[in-house]
Protein chains: 2
Amino acid sequence: MSVGHTGVTTDPVVSCGDEHEDCGIREVLDRIGDKWSVLVVVELAQGVRRFRQLQRAIPGISQRMLTLTVRRLERDGLVTRTVHPTVPPQVEYELTTMGHSLTYLVKALADWSAQHRDAIAQARQTWDAEHPDSGIR
Amino acid sequence: MSVGHTGVTTDPVVSCGDEHEDCGIREVLDRIGDKWSVLVVVELAQGVRRFRQLQRAIPGISQRMLTLTVRRLERDGLVTRTVHPTVPPQVEYELTTMGHSLTYLVKALADWSAQHRDAIAQARQTWDAEHPDSGIR
DNA sequence: CCGTATCCTTGCCGATACTG
DNA sequence: CAGTATCGGCAAGGATACGG
């Protein structure tokens with residue numbers, strides 16, 4: 001099957017077999033595509049963190065959202081949560097093996113972003129200049 | 001700098017230099033983390049597509065959302081839009097070189113998803129069983 | 001310190017109708 | 001065919017207050 005484009009790059013053919021199906025792509029994005037999950041994963045990639053540590057390391061996240069995010073990660077088996085029944089209470093979060101495997105993916109995202117950030121920014125400027133009032137933004 | 005965790009896997013250290021900054025990660029996710037962008041990219045990875053072709057290939061997408069999605073991709077320089085002034089009108093969409101580079105990333109997402117789908121599903125079952133009524137889901 | 005509960009705003013997205 | 005315009009629902013997420 002020819003890809004039929006004139007571009008320079010070769011094509012990894014991300015097609016999902018022979019069906020026009022949603023691969024598992026949307027599943028991953030529904031999991032880490034939210035506002036905070038990746039940032040939590042990035043921080044936990046550095047090592048074990050406590051709740052407050054995480055919150056301080058991720059500027060702008062609310063207590064509520066940190067709780068929700070970390071709960072969902074725990075539910076999906078990406079993070080472990082260990083409670084130390086001390087006073088005041090201590091709760092430690094750590095990536096599971098699967099959670100660590102995610103960091104490679106996140107690194108790929110970061111790399112792609114770094115490589116194309118400028119090109120995208122410029123493309124936007126150009127497009128915005130050519131389409132002054134277009135609803136999009 | 002030590003990573004300080006006891007996990008089994010080696011660590012890609014996704015940290016953003018020495019700052020506790022958001023890498024470009026959120027930028028990418030804001031771009032492709034929406035409901036339809038990746039699916040459009042996946043379809044365009046196969047070759048040039050017209051508007052209706054895209055809509056038929058992506059079940060569930062509305063005309064409005066396809067327009068918005070494809071416009072944003074165009075604005076970001078990931079997709080080209082060429083209008084053939086025929087009657088009825090024909091508009092063809094194609095990935096740019098940068099758009100094609102994105103497909104590698106999408107493939108990485110699909111691969112990770114395929115590898116961990118089962119483990120995640122099971123983790124969820126376990127967690128849900130242990131936390132019958134917890135708001136999360 | 002580590003959450004949960006509640007309220008409220010925001011904007012994504014779907015449905016529908018209408019143009020060139 | 002390939003859009004644009006408008007309305008409305010709904011869920012994500014922020015702010016705040018309270019509890020163990």
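Chain A is the first sequence line, chain B the second, and so forth, proteins listed ahead of strands; every chain is numbered from 1.
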Go nucleotide by nucleotide along DNA chain D from the 5' end; which of G33(A) and P89(A) gets its closest nucleotide reached first?
G33(A)
Between D111(B) and K107(B), is the closest basic N to carboxylate O distance under 4.0 Å?
yes
Could you tell me whether E27(A) and R117(B) make a salt bridge, using a distance below 4.0 angstrom between a side-chain N and a carboxylate O?
yes
On DNA chain D, nearest-nucleotide positions of D34(A) versus Q63(A): which is more 5'?
D34(A)
Carboxylate-amine/guanidinium proximity below 4.0 Å for E92(B) and R49(B)
no
Roughly, in whole Å, what's the span from CD in E92(B) to P in dG3(D)?
12 Å
Nearest to the M65(B) side chain among dG14(D), dC13(C), dC1(D), which nucleotide is it?
dC13(C)
In whole angstrom, what separates W36(A)'s CH2 from dG13(D)'s P?
9 Å
D30(B) bridged to R26(B) by N-O distance under 4.0 Å
yes
Should the side chain of R64(A) and the base of dG13(D) be counted as holding a donor-acceptor pair, with the cut-off at 3.5 Å?
yes
What is the ring orientation for W127(A) with H131(A), classed by angle as parallel under 30°, tilted 30 to 60°, or perpendicular over 60°?
parallel
Could you tell me how far apart R56(B) (CZ) and dC1(D) (C1') are, to the nearest whole angstrom?
10 Å
What nucleotide, of dA2(D), dC1(C), dC2(C), holds the atom closest to the side chain of R81(A)?
dC2(C)
Taking only side-chain nitrogens and oxygens of R50(A), does any of them come within less than 4.0 Å of OP1 or OP2 of dC1(C)?
no
Could you tell me whether the phosphate oxygens of dG3(C), OP1 or OP2, come under 4.0 Å of any side-chain nitrogen or oxygen in R71(A)?
yes
Whole Å only: how far is the CD1 atom of I136(A) from the P atom of dG11(C)?
15 Å
How close or far is atom P of dA12(D) from atom CG of L29(B), stated in whole angstroms?
16 Å
H84(A) NE2 - dC2(C) P separation (whole Å)
11 Å
Does dG3(D) have its OP1 or OP2 closer than 4.0 Å to a side-chain nitrogen or oxygen of Y93(B)?
yes
What is the distance, to the nearest angstrom, from the CD1 atom on I58(B) to the P atom on dA2(D)?
14 Å
Looking only at dG3(D), dC13(C), dG3(C), the nucleotide nearest the K35(B) side chain is dC13(C)
For atom CG of L68(A) and atom P of dA11(D), their distance in whole Å
15 Å
